[in-house]
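We count ligands from 1, going down the list as the structure has it; atoms in each ligand are counted the same way. Numbers here are sequence positions counted from 1.
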Amino acid sequence: MAKRKYSRREFVKKNTLAGLGAAVSMGMAPGILANCASDSTVPAILGGRPVRTEGWPSWPIWNPETDEELVLKSLRSGVWSRADIVTEFEEKWAETVGAKRCLATVNGTNALIASLVQLDIGGGDEVIVPPYTFIATVQAVLMAGAMPVFVDTDPETFQIDVHKIEAKITPRTKAILPVHILGLPADMIKIMEIAKKHNLVVVEDACQAWLAEINNKKMGTFGDAGCFSFQNSKNLAIGEGGAIVSDNDEFMDRCFSYHNYGNPYGAIVGEVGAGTVILGTKLRTTEYRAAIGLHQLARLEEETTKRNENAAYLKSKIRDIPGILPYKLYKNVNRAAFHLFPFRYKQELFQGLSRGDFFKALSAEGIPATGGYRPLNKMPYLSYALMTKNFQKMYPPEMLDYRRYMEQNQCPVNDRLCDEAVWIFHSILLGEKSDMDDIANAIEKIHKNAGRIKNSV
Ligand SMILES: *Cc1c(COP(=O)(O)O)cnc(C)c1O
């Protein structure tokens, strides 16, 4: 496994100097300072020895021995636009997730837009979305011309709170767009029940949920369509790429046609010689991307197993630290994808040490972590969307009133979650058990010394 090469000396120097600065500002005697740097019980941010000075597995993984053959073959062939390798990737991905059909696209965002448009979702419609997601989920709804309606988050699972969906359904509601965010499955059983009861379409944003499963069924195969992303940071990385999966032949033929300028495909036929038949755009991927994808896909199963094992182990190591609340999975989840390993950080149980300072202390110990999403239901793009010419023509004035929209789309639980969340990136879960121990030990150390750290940073 490739590890990012930090020079050990550089790392120690950087952290020790920062720590020394802090120690000096606390007025420590020079004798204590000299001992500090080698003391592993002293937080690194206060000049102690970091839990870890080694790097972490980097992402994406490129192994010249196993990952190049098909890529070079496709490049050398001169056949770069969509052909046999793309078809092979589609067949392989459909088989992998257990769907009848797959269409590869340029990216996950456009897989979502294509799915919504081909399921007849557009101007005047409302689509239920979670606020705790990547921006592309909501932009896809807006780009299809539909109005996003936000349903608050279940803070324990980080997923859409299924108990709050029905209250948001109106006569305009056409679809639910659940997201398996962070690679943890949303409660699809309940969501499909609600959708059935209210006759709603379901498009799953599985852009972080490769191989995740509920009741032995893969995410992306519960709804009318499932969308995936293969962007560089994703667990199946191609650089840019996406896919739509479904069992519905007519829908998949429509998606194919749409992704190829609206030209006839399968069931989407015109009279002979009639030419282009539906509205379309251009979303085709390339041969060399599909080739990269096939090589990366060969590792996905094994990597997913490893992420699940390490996540479960790390969770077991940190869940008893007061103030650390790791993710929960719904009972019927067999497996998650763990695009991220999330927990909630309770500042009040860390003697008031802010989340920002917790990150600094963690980073000084050699553990990278981030805070994740900001509330998507409060960002300026929404007021922009309501003022666009298309929205002005498609919706009645009361639906375009930004204040009213903001009022109706408040998600207070999610606001809090965004302030408390801590994420650890998936490539870190490809390390060994001892690497997970380092993370747990660093958090434990910070917890023990939280008061001291708070008073000195
Ligand atoms: C990455 C991602 C997308 C968009 O995928 P792209 O390939 O980047 O366009 C959509 N939704 C979620 C939840 C994602 O993580």
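Under the rule for a side-chain contact (heavy atoms from CB on, under 4.5 Å), the partners of Thr304 that lie at least two apart in sequence or sit in another chain are Leu211, Leu300, Arg307, Asn308, Arg335. Scanning for side-chain hydrogen bond (donor to acceptor under 3.5 Å, both in side chains) contacts around Gln208 gives Tyr373, with sequence neighbours left out.
A donor-acceptor contact closer than 3.5 angstrom links the side chains of Tyr330 and Thr157.
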What side-chain donor-acceptor pairs closer than 3.5 Å can you find for residues 107-118, not counting sequence neighbours?
residue: Asn107; atom: OD1; partner: Thr109; partner atom: N; Å: 3.3
residue: Asn107; atom: OD1; partner: Asn110; partner atom: N; Å: 2.7
residue: Asn107; atom: OD1; partner: Asn110; partner atom: ND2; Å: 3.1
residue: Ser115; atom: OG; partner: Ala111; partner atom: O; Å: 2.8
residue: Gln118; atom: OE1; partner: Arg254; partner atom: NE; Å: 2.9

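A salt bridge does not link Arg416 to Asp419: none of the charged side-chain nitrogens sits closer than 4.0 Å to a carboxylate oxygen.
In this structure, the side chain of Arg82 does not engage the main chain of Asn260 through any donor-acceptor pair within 3.5 Å.
Within 4.0 Å of ligand 1, heavy atoms belong to protein residues Asn107, Gly108, Thr109, Thr133, Phe134, Ala136, Thr137, Val179, Ile181, Asp205, Cys207, Gln208, Ser229, Gln231, Lys234, Gly241.
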